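Presented below is the structure to which this report refers.
Just so you know, these numbers come straight off a predicted model, no measurement behind them. By convention here, the first residue in the shown sequence is residue 1.
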Amino acid sequence: TGANPLAELEIVLEVIQHAQAGVAGGVKLATLDAIVALHPAIIVVGGGITNQDDPAFVAQSMQARMKT
């Protein structure tokens, strides 16, 4: 639909007050830093790892970025 998932996450995080938000879908190395900066409670990564040539490297890279 042309929606921007990061913009939608920002709106959800502004609106909810007694819950936590999670993100699933579209999470990959290229989008991870922007997602982490919004501090969702849960980040679910699927194809961003499994569809890569070196899934182990990508998973380790994502984990390292989330720890910083």
Side-chain angles (χ1 to χ4, degrees):
T1 63
N4 179 337
L6 289 174
E8 290 179 343
L9 177 59
E10 288 175 336
I11 292 168
V12 168
L13 291 171
E14 288 176 13
V15 174
I16 61 173
Q17 299 200 4
H18 303 291
Q20 295 179 330
V23 177
V27 180
K28 49 192 170 194
L29 276 175
T31 60
L32 186 63
D33 292 336
I35 293 168
V36 169
L38 296 174
H39 306 289
I42 298 168
I43 300 173
V44 178
V45 184
I49 294 173
T50 61
N51 293 335
Q52 304 306 309
D53 291 335
D54 189 347
F57 173 78
V58 173
Q60 290 168 347
S61 298
M62 287 183 164
Q63 184 181 31
R65 286 188 185 184
M66 287 190 276
K67 287 183 176 181
T68 59

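Residue pairs meeting the salt bridge (Lys or Arg N to Asp or Glu O under 4.0 Å) criterion with at least one member in residues 29-45, sequence neighbours excluded: Asp33-Arg65.
Between the CD atom of Gln63 and the CG atom of Leu32 there is a distance of 11.5 Å, given to the nearest 0.5 Å.
Residues Thr31 and Lys28 form a side-chain contact, since some pair of their non-hydrogen atoms from C-beta on lies under 4.5 Å apart.
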When the side chains of residues 38-62 are checked against the rest of the protein, which donor-acceptor pairs come out under 3.5 Å, sequence neighbours left out?
unit_1 : atom_1 : unit_2 : atom_2 : d
His39  : NE2    : Ala37  : O      : 3.4
Thr50  : OG1    : Gly46  : O      : 3.3
Asp54  : OD1    : Phe57  : N      : 3.2
Ser61  : OG     : Phe57  : O      : 2.9

